Amino acid sequence: MRIGVLALQGDFEAHARVLRELGAVPREVRIPADLLGLDGLIIPGGESTTMTLGIEREGLAEPLRDFVRSGKRTLGTCAGLIMLDRDHLGLMDIRARRNAFGRQLHSFEADLDLAGFDGVPLRAVFIRAPWVDEVGPEVEVLAQVDGHPVAVRQGRLLAVAFHPELSGDARVHDLLLAGVAGDAD
C-alpha cells in the first residue's frame, strides 16, 4: 500500500515511520503530482494556518479535494482534522475549534475508549489540540474528551484531534491501512 503524508508542515516523518513499521510505503506529498498512484492519505498535525498557506502556494486544494472525493481513505490528525472541516477543505461535515483545550502548556495525554477498538484504551497525545464543535448527520463520533468530540468518521474519512504518531500505539494508522486493504479487495 502506498500512503501519502502531506509534507508541507508538521511531523510528517513520524507518520511515515509508523506506516513503514506497518508494512506500508509512505510518500511525502508536497505538490499535486505526488498524489498520483496513492492508495490513501494522512494530513498530519502542525499549524493549520501555515498548512493552509502551503496548500494554496502549491496549488494543492483542488487536487486534495479530488483525491478524497474519489473515495480514497484519508486520516487527518490534529491540524489535519481542522483542514478537513467545513471552513477549510470542506471534505467533512464538521466544524473544528482550533486550540480548543488551550495553549501549548495545556497539552495533555488521555486514555480514550475509541469506538471499534476492542481492548485496551488508546493513549492519545493532545498538543494545542482542536475539538469538533459541530457534526453533521453523516458523521460518527468515535471518542470524546469532557463531552467534546475528538475522533470522528464520515465515510472513508477519519479525523482525530490528537497525535497517534507520538503515542507508540499504531492502531489509528492500522485502522487506515485496514480500510485501504478492504477497499482493494
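Keep in mind the model is a prediction, meaning the values are calculated, not measured. Numbers for residues simply follow the sequence, beginning at 1.
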K.L.:
Please check this pair: side chain of D174 against backbone of A170, looking for a donor-acceptor N/O pair closer than 3.5 Å.
P.N.:
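The answer is no, because no donor-acceptor pair under 3.5 Å joins these two groups.
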K.L.:
Which atom names give the shortest non-hydrogen contact between M51 and A79, and what distance separates them?
P.N.:
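That would be CE-CB, 4.1 Å.
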K.L.:
Should the pair W131 and H148 be assigned to parallel (<30°), tilted (30 to 60°) or perpendicular (>60°) ring geometry?
P.N.:
parallel
K.L.:
Check this for me: E138, atom CD, are more than 12 non-hydrogen atoms of other residues, nucleotides or ligands nearer than 6.0 Å?
P.N.:
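Not buried by this count: 12 neighbours or fewer within 6.0 Å.
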K.L.:
Regarding R123 and D111, does a basic nitrogen lie under 4.0 Å from an acidic carboxylate oxygen?
P.N.:
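The answer is yes: the pair qualifies as a salt bridge.
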K.L.:
Checking L177 against M1 for the side chain to side chain contact (heavy atoms under 4.5 Å, CB included) test, could you report, in this order, the C-alpha distance in whole Å, the side-chain angles of both residues, the deciding distance, and whether it holds?
P.N.:
CA-CA 8 Å; L177 296 179; M1 284 180 271; 4.0 Å; yes
K.L.:
Ignoring hydrogens and angles, tell me if any N or O in the side chain of D39 forms a donor-acceptor pair with the backbone of R2 under 3.5 Å.
P.N.:
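A pair under 3.5 Å: yes.
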K.L.:
To check you understand the geometry: which heavy-atom pair defines the closest contact between A16 and P26, and what is its length?
P.N.:
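Looking at all heavy atoms of both residues, the closest pair is O-CG, 3.7 Å.
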K.L.:
Taking the side chain as C-beta and beyond, is there a heavy-atom pair between V172 and L175 under 4.5 Å?
P.N.:
no
K.L.:
Measure across D183 and G71 and return the closest heavy-atom pair with its distance rounded to 0.1 Å.
P.N.:
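Scanning both residues, the minimum pair turns out to be OD2-O, 4.3 Å.
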K.L.:
Roughly how far apart are L112 CG and S167 OG, rounded to 0.5 Å?
P.N.:
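Separation between the atoms: 10.0 Å.
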K.L.:
State, with a plain yes or no, whether a side-chain heavy atom of I42 is found less than 4.5 Å away from one of T74.
P.N.:
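No, their side chains stay 4.5 Å or more apart.
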K.L.:
When hydrophobic residues are tied together by side-chain contacts of less than 4.5 Å, even through go-betweens, does L81 share a cluster with M92?
P.N.:
yes
K.L.:
Test your reading of the model: is there a side-chain donor-acceptor pair from H173 to the backbone of L19, 3.5 Å cut-off?
P.N.:
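No.
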K.L.:
Taking L157's backbone N and O only, do any of them form a donor-acceptor pair with Q154's side chain (distance below 3.5 Å, no angle check)?
P.N.:
no
K.L.:
Got a salt bridge between R86 and D93, using NZ or NE/NH1/NH2 to carboxylate O under 4.0 Å?
P.N.:
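Answer for the salt bridge query: yes.
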K.L.:
Using atom types as modelled and distance alone, determine if a side-chain donor or acceptor of Q9 lies under 3.5 Å from a backbone N or O of E47.
P.N.:
yes
K.L.:
Please find the pair of heavy atoms, one from A110 and one from F126, that lie closest to each other, and give the distance.
P.N.:
CB-CE1, 4.2 Å
K.L.:
To the nearest 0.5 angstrom, please state how far the CD1 atom of I82 sits from the OG1 atom of T77.
P.N.:
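These two atoms lie 10.5 Å from each other.
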K.L.:
To the nearest 0.5 Å, tell me how far H163 NE2 sits from D11 CG.
P.N.:
8.5 Å
K.L.:
Between the main-chain N or O of L60 and the side-chain N or O of E58, is there a donor-acceptor pair closer than 3.5 Å?
P.N.:
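Checked: no pair found.
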K.L.:
Nearest heavy-atom pair of L6 and F12: which atoms, and what distance?
P.N.:
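In this case the closest contact between L6 and F12 is O-CB, 3.6 Å.
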K.L.:
Can a donor-acceptor pair be found, under 3.5 Å and without considering hydrogens, that links the side chain of R65 to the backbone of L89?
P.N.:
yes
K.L.:
Closer than 4.0 angstrom, basic N to acidic O: yes or no for D85 and R95?
P.N.:
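Salt bridge: no.
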K.L.:
Search all heavy atoms of P149 against all heavy atoms of V141 and return the closest pair with its distance.
P.N.:
CB-CG1, 3.9 Å
K.L.:
Would you call E165 and R17 a salt bridge, using N to O less than 4.0 angstrom?
P.N.:
no
K.L.:
Nearest 0.5 Å please: distance from the CG atom of L84 over to the NE2 atom of H88.
P.N.:
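Result: 10.5 Å between the selected atoms.
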